[in-house]
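To start, the structure under review is shown below, and the notes come after it.
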2 protein chains.
Amino acid sequence: MDQQTSGETSADNTVPDIVVARLPIYLRALATMQAGGKQYTSSQEMADLLGISSAQIRKDLSHFGEFGKQGTGYSISELHGRLRHILNLEHDWNLIVIGAGHIGSAVASYSGFEHRGFRVAGIFDNDPRKVGLSLGQFQVIDIRDLAFFVKQNQVKLAMITVPAPYAQGVADQCVAAGIHGILNYAPVNLSVPDHVNVQNIDPVLHLQHMTYYL
Amino acid sequence: MDQQTSGETSADNTVPDIVVARLPIYLRALATMQAGGKQYTSSQEMADLLGISSAQIRKDLSHFGEFGKQGTGYSISELHGRLRHILNLEHDWNLIVIGAGHIGSAVASYSGFEHRGFRVAGIFDNDPRKVGLSLGQFQVIDIRDLAFFVKQNQVKLAMITVPAPYAQGVADQCVAAGIHGILNYAPVNLSVPDHVNVQNIDPVLHLQHMTYYL
DNA sequence: CAGTGTGAAAGTCTTCACAGCT
DNA sequence: AGCTGTGAAGACTTTCACACTG
């Protein structure tokens with residue numbers, strides 16, 4: 001996500017968006033190391049693991065402070081904590097999924113959000129035949145209740161997993177409801193106000209990128 | 001995340017990977033326009049639609065030839081065809097999915113591959129309880145048959161949807177079987193030889209990127 | 001005119017290489 | 001010795017702006 005994808009929202013900060021985009025990658029590597037019982041690492045070790053140069057890792061981190069010790073490297077748990085803080089991940093964020101089709105169902109039952117800062121709070125659809133159905137631990141909610149639910153649960157992030165022709169309309173509803181970040185699985189470009197961040201996931205884009213080299 | 005180009009694509013061989021990554025985005029927009037019955041477009045119109053500057057679109061396309069007409073813009077169907085050619089999408093590619101869990105199942109039944117150059121040819125798992133089960137139109141295949149299947153069906157692309165701890169092992173098997181491109185859904189960094197292209201999809205990375213701005 | 005294709009300029013990002021700390 | 005943090009250099013990417021064309 002490469003892909004492709006633009007972030008760039010609120011120009012309030014001096015840290016390049018491309019640097020911010022790498023922090024979660026560092027965080028993920030640190031979490032894995034920590035789970036393995038490791039205590040210290042170095043920019044070089046992370047570089048080997050991630051295929052990013054050590055200089056870049058050091059430079060990226062230097063935007064936020066000095067977290068390492070010369071000669072020793074970085075304390076994994078400390079750096080992990082710092083990144084969690086920088087990325088606002090010290091508390092979980094509620095998440096909603098809109099579209100109870102194949103992708104939406106898979107996403108809603110995806111265990112990968114746990115321990116990484118997110119919690120699926122609800123899943124929505126506009127199809128009366130789906131509303132009320134149980135999907136894993138969730139009951140599909142009518143999309144008409146979206147705005148109420150978002151306010152009630154202080155939801156800031158939504159994942160859009162509806163068919164392409166409906167995605168823009170759903171995005172508009174999200175924005176109106178107060179959503180600030182959209183992870184869009186529909187293969188279309190969404191247009192949203194500046195204060196809303198959109199990230200896109202379209203596997204076909206990645207595949208088509210690879211076929212160029214085949 | 002970078003590779004040498006194959007074959008003959010009329011223009012020079014040194015197209016930046018970042019440019020290649022945008023071509024599928026252009027292709028997607030053109031397909032949408034074409035489906036809407038439109039005949040011509042301009043770099044400015046595409047720019048508005050995609051949030052990319054018109055100069056960049058023209059510059060990107062200029063790496064591959066001159067496809068537009070001054071005063072008129074681009075013929076949508078011609079440009080669409082050119083991009084399909086450049087991206088090697090004139091014929092469909094067989095695709096395999098490894099991991100018959102939630103994500104794998106969703107991916108295997110995703111209708112979005114059709115008409116965009118790909119066809120899921122098989123889905124694999126190592127769990128004997130899953131092997132043989134029907135998943136949509138597919139029967140789950142034993143991963144031991146991976147290499148045979150890949151050769152038999154000339155598969156070049158694989159999607160890895162197994163749990164993180166298994167992903168590297170599966171990637172190694174893919175490489176050994178002759179896979180050239182991997183779309184990795186597991187939240188780990190895969191290490192593969194230079195001739196294999198890896199693209200990653202981890203929704204949590206996108207979400208964590210957005211929380212920075214919340 | 002409207003809109004492309006493109007050198008040149010501007011801007012951004014990455015790498016180098018080393019002083020300085022532990 | 002080992003490794004960070006960082007200015008400066010280098011590489012890469014985007015934008016500008018305009019000659020040119022249908």
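Naming: A, B, ... by sequence-line order, numbering from 1 per chain.
Between the CZ atom of A:R22 and the P atom of C:dC13 there is a distance of 9 Å, given to the nearest Å. When the C1' atom of D:dT4 is taken as reference, atom CE of A:M46 falls 14 Å away, rounded to whole Å. What separates CZ of B:R58 from P of C:dG7 is a distance of 14 Å, to the nearest Å. Computed from coordinates, the A:I57 CD1 to D:dC3 P distance equals 14 Å when rounded to whole Å. Nucleotide D:dG7 holds its P atom 11 Å from the CD atom of A:E66, rounded to whole Å. Protein atom CD1 of B:I52 is 15 Å distant from nucleotide atom P of D:dT13, rounded to whole Å. Taking atom CD on A:Q70 and atom P on C:dG20, their separation rounds to 11 Å, with Å as the unit. Whole-Å rounding puts the A:H63 NE2 to D:dT4 C1' distance at 16 Å.
The listed nucleotides are D:dT6, D:dT14, C:dT14; the one nearest the side chain of B:Q56 is D:dT14.
Side-chain N/O atoms of A:S53 include one lying less than 4.0 angstrom from OP1 or OP2 on C:dT15. A close approach under 4.0 Å does occur between a side-chain nitrogen or oxygen of B:Y74 and OP1 or OP2 of C:dG5.
The base of D:dG7 is paired with the side chain of A:K59 by a donor and an acceptor separated by under 3.5 Å.
Among the atoms of the strands shown, only primed sugar atoms or phosphate atoms (P, OP1, OP2) are found under 4.0 Å from some heavy atom of A:S43. The residue B:G71 sits close to a base: some heavy atom pair falls under 4.0 Å. The residue B:I18 sits close only to the backbone: its heavy atoms come under 4.0 Å of sugar-phosphate atoms, none of a base.
Taking a cutoff of 4.0 Å between a charged side-chain nitrogen and a carboxylate oxygen, B:R22 and B:D60 qualify as a salt bridge. One finds no salt bridge joining B:E78 and B:K69 here, because no Lys/Arg side-chain nitrogen approaches an Asp/Glu carboxylate oxygen to under 4.0 Å. For A:R116 and B:D202, the salt-bridge test passes: some basic side-chain N is under 4.0 Å from an acidic carboxylate O.
Atom OG of A:S191 is separated from atom CG of A:D172 by 7.0 Å, given to the nearest 0.5 angstrom. In this structure, the separation between CG on B:L30 and CE on B:M33 is 6.0 Å, given to the nearest 0.5 Å.
Residues A:T72 and B:T72 both approach DNA chain C. Their nearest nucleotides, taken by heavy-atom distance, put B:T72 toward the 5′ side.
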